Q: 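Here it is, the structure, as structure tokens.
Quantities reported herein were computed from a predicted structural model and do not represent experimental measurements. Along the sequence shown, the residues carry numbers beginning at 1.
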Amino acid sequence: LLVLMAAVLPIHAADPAVDSEDRERVKTVARISPAVVAVVTGGGSGVLISEDGYALTNYHVVGGQGPALRCGLPDGNLYDAVVVGLDRIGDVALIKLLPREPGAKFPHAVMGDSDTVKVGDWSLALGNPFLLATDFTPTVTFGLVSGIHRYQYPERGMFEYTDCIQSDTSINPGNSGGPLFNTKGELIGINGRGSFDKRGRVNSGVGYAISINQIKNFLGHLRAGLQVDHASLGAVVSSSPEEEGSRPRVLVSGLISSDA
């Protein structure tokens, strides 16, 4: 029967455009993978952003681990690393990997412009979910950008995501701190949270990455080893009920001490 069907059904060649896109995606993954960090101390992920070893990850990956870390790269080697700067509220940490040989350069990702990301764009998440990669080669997942400029309420007074990218690109425990790339291989976010609810902390198709543009605002503080402090208006505001013949008003219902 199979022989008969093969003789009757026409054989169609793959669409050249689709084939080309597939090859380009494979090349992109091969190009960006060497910059992905497995943060062994803390059990998460990260991404190198400079040739001298600076890398981004989540605060909740390295917070409380102490200043000295061990990190793995896809070259199969373990590297000593140190914590440089912390952003507890934004859930970001800057760490620095130390070269195994003096003067050695690290592969690193190119930071993109997350304000150009649109709903419906493809995205790639690389990291170490469930610590699967014993050789430190990252797991790659592929999906859509589902929302932009999302807000996620803080947890335990920290981890407030004021400008994040929502995607259905699979992230799971261990992906935290790992990179979210666009299809050009540009770094557009740092994966950190997911809407897991009662699903046992496994992928639900709703994940959040801190936008790289938000992180850029604080890179100077992080590199200087300063504790990042996010600004606040210092006021609690609400809108008044709309009354007949009048427009709704913004009411200030409370004030706290702030520079503003």
Side-chain angles (χ1 to χ4, degrees), residues 32 34-37 39 41-42 44-69 71 73 79-99 102-117 126-127 148-152 154-155 157-165 176-182 184-193 208-234 256-260:
I32 61 182
V36 180
V37 180
V39 184
T41 309
S45 305
V47 59
L48 287 155
I49 58 169
S50 68
E51 65 179 13
D52 52 352
Y54 284 99
L56 292 168
T57 185
N58 284 142
Y59 169 76
H60 78 256
V61 170
V62 300
Q65 298 294 335
L69 307 170
C71 295
L73 289 182
Y79 293 82
D80 292 318
V82 294
V83 175
V84 178
L86 298 172
D87 178 358
R88 291 179 172 85
I89 301 299
D91 195 20
V92 177
L94 184 71
I95 62 177
K96 191 174 191 298
L97 276 64
L98 307 179
K105 305 298 183 184
F106 287 95
H108 62 281
V110 175
M111 287 191 283
D113 181 358
S114 53
D115 286 338
T116 64
V117 175
L126 278 72
I148 55 175
H149 304 303
R150 294 291 200 217
Y151 176 81
Q152 286 291 293
E155 294 181 359
M158 298 182 290
F159 317 147
E160 181 179 17
Y161 287 22
T162 57
D163 181 17
C164 60
I165 299 167
S176 290
L180 186 71
F181 292 103
N182 61 20
K184 296 178 182 177
E186 296 171 334
L187 179 63
I188 57 174
I190 296 296
N191 298 311
R193 292 176 64 173
Y208 305 97
I210 307 155
S211 69
I212 198 64
N213 282 9
Q214 176 183 318
I215 295 172
K216 287 176 185 177
N217 290 332
F218 300 104
L219 265 181
H221 284 72
L222 291 169
R223 282 181 178 271
L226 301 175
Q227 298 291 333
V228 172
D229 187 16
H230 290 246
S232 171
L233 176 62
I256 59 175
S257 176
S258 76
D259 293 338

Q: Quick check: are there more than 12 heavy atoms from other residues, nucleotides or ligands sitting under 6.0 Å from NZ of Lys216?
A: yes
Q: So, for Ser114 and Ser211, which heavy atoms are closest and what is the spacing to 0.1 Å?
A: OG-CB, 3.5 Å
Q: Quick one: does Ile210's side chain get under 4.5 Å of Asn58's, heavy atoms only?
A: yes
Q: Walk me through whether His149 and Asp115 qualify under side chain to side chain contact (heavy atoms under 4.5 Å, CB included).
A: CA-CA 9 Å; His149 304 303; Asp115 286 338; 3.6 Å; yes
Q: Can you see which heavy atom on Thr162 is nearest to which on Tyr151, and at what distance?
A: CA-CD1, 3.7 Å
Q: Within 45° of the ring axis of Tyr161 and under 6.0 Å from its six-membered ring centre, is that where the NZ or CZ of Arg193 lies?
A: yes
Q: Quick one: does any side-chain atom of Gln214 pair with a main-chain N or O of Asp163 as donor and acceptor, under 3.5 Å?
A: yes
Q: Is any side-chain heavy atom of Tyr208 closer than 4.5 Å to one of Ile165?
A: no
Q: Roughly how far, to the nearest 0.5 Å, is the CG atom of Asp91 from the CD1 atom of Ile215?
A: 9.5 Å
Q: Can you tell if the side chain of Leu222 reaches within under 4.5 Å of the side chain of Val228, non-hydrogen atoms only?
A: yes
Q: Hey, could you give me the CG/CG distance between Leu69 and Leu98, rounded to the nearest 0.5 Å?
A: 9.5 Å
Q: Ile95 and Cys71: which non-hydrogen atoms are nearest, and at how many Å?
A: CD1-SG, 4.0 Å
Q: Do Val92 and Tyr59 pass the side chain to side chain contact (heavy atoms under 4.5 Å, CB included) test, and can you show the C-alpha distance, the side-chain angles, and the key distance before you say yes or no?
A: CA-CA 5 Å; Val92 177; Tyr59 169 76; 6.0 Å; no
Q: With a 3.5 Å distance limit and no angle check, can you tell me whether Ser176 reaches the backbone of Val61 through a side-chain donor-acceptor pair?
A: no
Q: For the residue pair Leu86 and Val62, establish whether any side-chain heavy-atom pair is separated by less than 4.5 Å.
A: yes
Q: To the nearest 0.5 Å, tell me how far Ile212 CD1 sits from Ile190 CD1.
A: 5.0 Å
Q: State, yes or no, whether a side-chain contact exists between Val37 and Leu73 at a heavy-atom distance under 4.5 Å.
A: yes
Q: Quick one, Leu219 and Met111 - any side-chain contact, counting heavy atoms below 4.5 Å?
A: yes
Q: Rounded to the nearest 0.5 Å, how far does CD1 of Ile32 lie from NE2 of His108?
A: 13.5 Å
Q: Determine yes or no for a side-chain-to-main-chain donor-acceptor pair under 3.5 angstrom, with Thr57 supplying the side chain and Ala93 the backbone.
A: no
Q: Would you indicate whether the side-chain heavy atoms of Ile49 and Leu94 approach each other to under 4.5 Å?
A: yes
Q: How close do Gly46 and Pro179 get, counting heavy atoms only, and between which atoms?
A: O-CD, 3.8 Å
Q: Under the side-chain hydrogen bond (donor to acceptor under 3.5 Å, both in side chains) rule, what do Ser50 and Asp52 come out as? Steps first, then yes or no, please.
A: CA-CA 5 Å; Ser50 68; Asp52 52 352; 2.4 Å; yes
Q: I'd like to know if the side chain of Asp80 reaches the main chain of Ala68, judged simply by a donor and an acceptor atom lying under 3.5 Å from each other, with no hydrogens or angles considered.
A: no
Q: Quick check: do Leu187 and Phe181 have side-chain heavy atoms less than 4.5 Å from each other?
A: yes
